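Remarks on the structure that follows.
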Amino acid sequence: MRPTTLDRQLITVSACLMFGAGTAGACGEALLGATRTIEGKGYVVVFKTVPDPIVVGEHFALDFAVCPRAKGEAPHSVRVDASMPEHRHGMNYRPVVTARAADAYRADGLMFHMPGRWDLVFDVVGGGATERLTGTMRVE
């Protein structure tokens, strides 16, 4: 019997938990399609936008995984936001983050309302501290 896509995703999430999701190579393997990686001191975030590419002025979502490095603690919570540093403003919308599995999340309700450089920010709360991981995206 061939495993389904859901079976493969569950196996991947289980493998991340069993073999230490602290390695960047294992983090986010359940995400299908092209992904981007942000590596911090204590955590690794792997994400993709839905849809890809992002369309200016239209809502989009992020599917992402957050994995602790080495023997770090799994996050207690994750927040997502974005800003345009050159314009000194953020988004007009506040995304909602939903946990989907042990290390998998979805952020809904993001919108880049103008073209240019956007900094995507993940605040990962765990181990008594908050780590901010930032990745830059260019939207045209």
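The structure presented is a predicted model; accordingly, all values stated were derived computationally and were not measured. Atoms considered below: every heavy atom in the structure, side chains included; atoms not considered: hydrogens, waters and symmetry mates.
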Minimum heavy-atom distance Gly135-Ile38, with the two atoms named = N-CD1, 3.5 Å
Where do Val46 and Cys27 come nearest, in terms of heavy atoms and distance?
-> CG2-O, 3.4 Å
With Thr136 via side-chain hydrogen bond (donor to acceptor under 3.5 Å, both in side chains) - residues at least two apart = Asp119
ring-ring contact (aromatic ring centres under 6.0 Å, His included) partners of His113, counting only residues at least two apart | His89, Trp118
Taking only residues two or more places apart in sequence or in another chain, which ones pass ring-ring contact (aromatic ring centres under 6.0 Å, His included) with Phe47?
-> Phe122
Taking the side chain as every heavy atom from C-beta outward, state whether [X] and [Y] have any pair of such atoms under 4.5 Å apart.
{"X": "His59", "Y": "Tyr93", "result": "yes"}
{"X": "Arg36", "Y": "Asp52", "result": "yes"}
{"X": "Asn92", "Y": "Met111", "result": "no"}

Indicate the ring-plane relationship of Tyr105 and Phe64, choosing parallel, tilted or perpendicular according to the 30° and 60° boundaries.
-> parallel
Say whether [X] and [Y] are linked into one hydrophobic cluster, either directly or through other cluster members, by side-chain heavy-atom distances under 4.5 angstrom.
{"X": "Val124", "Y": "Val97", "result": "yes"}
{"X": "Val96", "Y": "Val125", "result": "no"}
{"X": "Met114", "Y": "Val55", "result": "no"}

Check residues 73-83 and write down every donor-acceptor pair under 3.5 Å in which the side-chain atom is one partner and the other belongs to a residue at least two apart or another chain.
residue: Glu73; atom: OE2; partner: His76; partner atom: NE2; Å: 2.5
residue: Glu73; atom: OE2; partner: Gly127; partner atom: N; Å: 3.2

Spatial distance of atom [atom1] ([X]) from atom [atom2] ([Y]) [nearest 0.5 Å]:
{"X": "Leu133", "Y": "Lys41", "atom1": "CG", "atom2": "NZ", "value": "12.5 Å"}
{"X": "Thr134", "Y": "Leu120", "atom1": "OG1", "atom2": "CG", "value": "8.5 Å"}
{"X": "Arg117", "Y": "Met137", "atom1": "CZ", "atom2": "CE", "value": "12.5 Å"}
{"X": "Thr49", "Y": "Phe60", "atom1": "OG1", "atom2": "CZ", "value": "7.0 Å"}
{"X": "Arg69", "Y": "Glu39", "atom1": "CZ", "atom2": "CD", "value": "4.5 Å"}

Asp63: what forms a side chain to side chain contact (heavy atoms under 4.5 Å, CB included) with it, not counting sequence neighbours?
-> Leu31, Lys48, Val50, Arg100, Arg106
Pair listing, side chain to side chain donor-acceptor pair (under 3.5 Å) test, anchored in residues 123-133, at least two apart | Asp123-Arg132
